[in-house]
Amino acid sequence: MGRYRDWVNLDLLTEELAGEPAYRARQIWAWVARGAAGYHEMTDLPAPLRARLAERLPISTIELEHEARSRDGTVKALFRTSDGQPVEAVLMRFRDGRRTVCLSSQSGCPLTCTFCATGQMRFGRNLTASEMLDQALHFRRLETIDHVVFMGMGEPMLNVDEVIAAARRLPDLGVTHRRTTVSTVGWLPGLRKFVDEVDEPVRLALSLHAAEPALRSQLMPVNDRYPLADVLAECRRYFELRSRKVFIEYVMLAGVNDRVEQARSLAELLDPQVFKVNLIPYNPTGSFTGSSPKAIAAFEAELKRRGIPTTVRLTRGRDIAAACGQLATAS
Ligand code: SAH
């Protein structure tokens with residue numbers, strides 16, 4: 001079955017397809033990847049096989065528990081894995097027609113970034129590649145999707161093998177590697193593996209949030225474990241191998257990391273050949289106040305003045321707690 005083998009429960013699928021020609025798994029995957037909601041739609045399978053599969057093999061490894069819709073068109077879905085772990089994913093609809101799905105790589109997150117709600121919930125476990133693909137497939141059944149970001153719950157580089165396996169399958173769903181982004185806090189062992197192994201042009205994003213080491217450690221305790229200089233060197237290695245710029249994510253916290261001098265330190269840290277900055281308006285999670293639009297504009301202007309390509313992220317889904325850093329469930 002080659003590259004189809006991780007999708008759904010492999011043992012069950014193999015068992016159900018015993019005695020069938022080898023191409024059956026591929027046929028089923030092709031239907032699912034194009035958004036089929038059930039086996040009944042798979043008209044090139046024999047009817048008895050369709051009926052048997054429908055009865056015995058769920059089409060998804062995760063079950064939808066709740067869906068919320070934002071005024072801006074964003075949809076947030078809460079799923080449960082078969083062992084009851086909560087997982088959230090988000091579909092963002094942009095005016096230019098772009099459809100971006102934000103996937104979770106873990107249920108909860110073991111890291112404790114102070115501004116992020118996911119770090120405050122219980123860490124469950126790493127998700128499998130199938131559980132990640134099934135989040136995207138849920139939205140693929142609603143409409144075509146063209147971008148995926150691994151920016152939901154969890155730290156992708158703590159689960160790098162499964163994240164890579166899922167990313168490799170996304171083109172079958174209509175999402176090219178160039179339109180796929182994996183975001184990390186800078187978890188070095190996983191990041192190294194990602195740079196070594198992924199020769200597809202999947203985009204890399206680094207959550208930086210502070211150029212000064214002491215402040216970054218305060219905001220993101222993981223900074224004590226993997227020094228920023230090593231992480232940035234690894235990002236440079238990615239750029240040298242893939243010729244794709246690395247996105248720097250920087251959440252704007254009033255009075256904490258948004259002063260113009262801090263924009264200057266950030267500009268000194270970053271090579272404009274290698275990095276582009278994406279400033280993220282803070283989405284309320286309790287502990288901080290977001291920077292004012294004026295402070296964000298001044299920070300952006302200073303970075304640009306120093307030659308750093310900079311954009312400000314469009315906030316989506318805040319009214320349904322679906323925005324960056326807001327994914328968290330009570331149980
Ligand atoms: N663990 C990975 C993947 C999650 S990406 C990582 O952190 O990169 C989620 C992005 O949203 C990260 O850049 C994160 O720093 C940012 N974020 C977290 N909390 C936020 C908040 N309250 N407001 C805005 N962005 C936030």
Side-chain angles (χ1 to χ4, degrees), residues 74 76 87-90 92 100-121 123 126-127 132 135 147-160 162-163 166-167 180-191 194 202-210 215-223 225-226 228 231-232 234-235 238 246-254 256-258 275-291 296 299 311-328:
T74 300
K76 178 171 80 168
V87 176
E88 286 182 325
V90 179
M92 286 163 283
T100 302
V101 174
C102 179
L103 300 182
S104 292
S105 55
Q106 302 181 309
S107 173
C109 184
L111 303 178
T112 51
C113 302
T114 50
F115 44 81
C116 179
T118 307
Q120 262 115 67
M121 68 179 272
F123 172 62
N126 280 343
L127 299 178
M132 291 178 239
Q135 297 167 50
H147 287 72
V148 162
V149 294
F150 286 86
M151 296 190 185
M153 293 175 166
E155 167 50 41
M157 298 308 178
L158 281 167
N159 187 18
V160 67
E162 295 296 304
V163 167
T180 300
T181 302
V182 177
S183 178
T184 180
V185 297
W187 188 267
L188 212 43
L191 177 57
F194 179 86
V202 172
R203 169 94 64 191
L204 178 64
L206 173 68
S207 293
L208 189 75
H209 310 316
L215 178 58
R216 189 165 191 264
S217 292
Q218 216 177 304
L219 296 174
M220 308 170 70
V222 69
N223 189 61
R225 186 148 178 173
Y226 299 115
L228 195 50
V231 172
L232 290 174
E234 200 55 29
C235 292
Y238 166 89
V246 176
F247 273 118
I248 295 292
E249 296 160 275
Y250 194 100
V251 58
M252 298 294 292
L253 306 170
V256 176
N257 66 355
D258 66 346
F275 297 103
K276 332 189 226 196
V277 173
N278 194 211
L279 300 176
I280 314 178
Y282 171 67
N283 298 305
T285 58
S287 17
F288 294 91
T289 308
S291 305
I296 297 177
F299 201 92
T311 50
V312 179
R313 183 174 292 176
L314 209 56
T315 300
R316 313 292 290 180
R318 220 186 240 179
D319 56 330
I320 54 165
C324 309
Q326 293 188 314
L327 299 186

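Counting convention: from 1, in listed order, for ligands and their atoms alike.
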With nothing but distance in play, are any N or O atoms of Tyr282 less than 3.5 Å from an N or O of ligand 1?
no
At less than 4.0 angstrom from any non-hydrogen atom of Val251, what atoms of ligand 1 do you find?
23 (N), 24 (C), 25 (N)
Hey, does Val251 have a side-chain heavy atom less than 4.5 Å from the side chain of Cys324?
no
Residue, atom name and distance, where the atom is the protein heavy atom closest to atom 19 (N) of ligand 1
Gly325 CA, 3.0 Å
In ligand 1, which numbered atoms sit nearer than 4.0 Å to a non-hydrogen atom of Thr184?
6 (C), 8 (O)
Got Ser183 and Val149 here, is their nearest side-chain heavy-atom distance under 4.5 Å?
no
Between Ser207, Ser105, Gly119, which one has a non-hydrogen atom sitting closest to atom 12 (C) of ligand 1?
Ser207
In the structure I gave you, are the side-chain heavy atoms of Leu327 and Lys76 within less than 4.5 Å of one another anywhere?
yes
Looking only at heavy atoms, is any part of Glu249 under 4.0 Å from ligand 1, and if so is it the side chain, the backbone, or both, or is it neither?
side chain
Taking the side chain as every heavy atom from C-beta outward, state whether Leu127 and Gln135 have any atom pair closer than 4.5 Å.
yes
Could you tell me which atoms of ligand 1, counted from 1 in the order shown, lie closer than 4.0 angstrom to a heavy atom of Met151?
4 (C), 5 (S), 9 (C)
Is the closest side-chain heavy-atom distance between Thr184 and Leu206 below 4.5 Å?
yes
For ligand 1, which atoms sit closer than 4.0 Å to a heavy atom of Thr285?
22 (N)
Ligand-side contact atoms (ligand 1) for residue partner Ser183, heavy atom cut-off under 4.0 Å:
2 (C), 3 (C), 5 (S), 6 (C), 8 (O)
Closest protein heavy atom (residue, atom, distance) for atom 2 (C) of ligand 1
Glu155 OE1, 3.3 Å
Measuring from the heavy atoms of Gly152, does anything fall under 4.0 Å of ligand 1?
yes
If you measure from each non-hydrogen atom of His209 to ligand 1, which part falls under 4.0 Å: side chain, backbone, both or neither?
side chain
Could I get the full list of salt bridge (charged side-chain N to carboxylate O under 4.0 Å, His left out) partners for Glu234, not counting sequence neighbours?
Arg192, Arg237
Check whether any side-chain heavy atom of Ile296 lies under 4.5 Å from a side-chain heavy atom of Asp258, and answer yes or no.
no
Close side-chain approach of Tyr282 and Met252, heavy atoms under 4.5 Å
no
Using a 4.0 Å cutoff against the non-hydrogen atoms of Cys324, which atoms of ligand 1 qualify?
11 (O), 20 (C), 21 (C), 22 (N), 23 (N), 24 (C), 25 (N), 26 (C)
Atoms of ligand 1 close to Pro156 [distance to a heavy atom under 4.0 angstrom, numbered from 1]:
2 (C), 3 (C)
Can Met220 be said to touch ligand 1, with heavy atoms closer than 4.0 Å?
no
Option passing side-chain contact (heavy atoms from CB on, under 4.5 Å) with Ser105 (candidates Val182, Asn126, Val163)
Val163
Parallel, tilted or perpendicular for Tyr226 and Trp187, by the 30°/60° rule?
perpendicular
Take every heavy atom of Pro281, measure it against each atom of ligand 1, and state whether any distance is under 4.0 Å.
yes
Would you mind reporting whether Cys116 and Thr285 have side-chain heavy atoms less than 4.5 Å apart?
no
A student checking ligand 1 against Ile280 at a 4.0 Å heavy-atom cut-off should list atoms 24 (C), 25 (N)
Looking only at protein heavy atoms, what sits closest to atom 23 (N) of ligand 1 is Asn283 N, 2.9 Å
Heavy-atom pair with the smallest gap, counting every atom of Thr315 and Arg318:
CG2-NE, 3.6 Å
Non-hydrogen atoms of Gly154 versus ligand 1: any pair closer than 4.0 Å?
yes
So if I apply the side-chain contact (heavy atoms from CB on, under 4.5 Å) rule between Leu208 and each of Ile248, Leu219, Val231, which one comes out positive?
Ile248
Region of Leu111 that comes within reach of ligand 1 [heavy atoms, distance under 4.0 Å]
neither
Under 3.5 Å: N/O of Arg313 near N/O of ligand 1
no
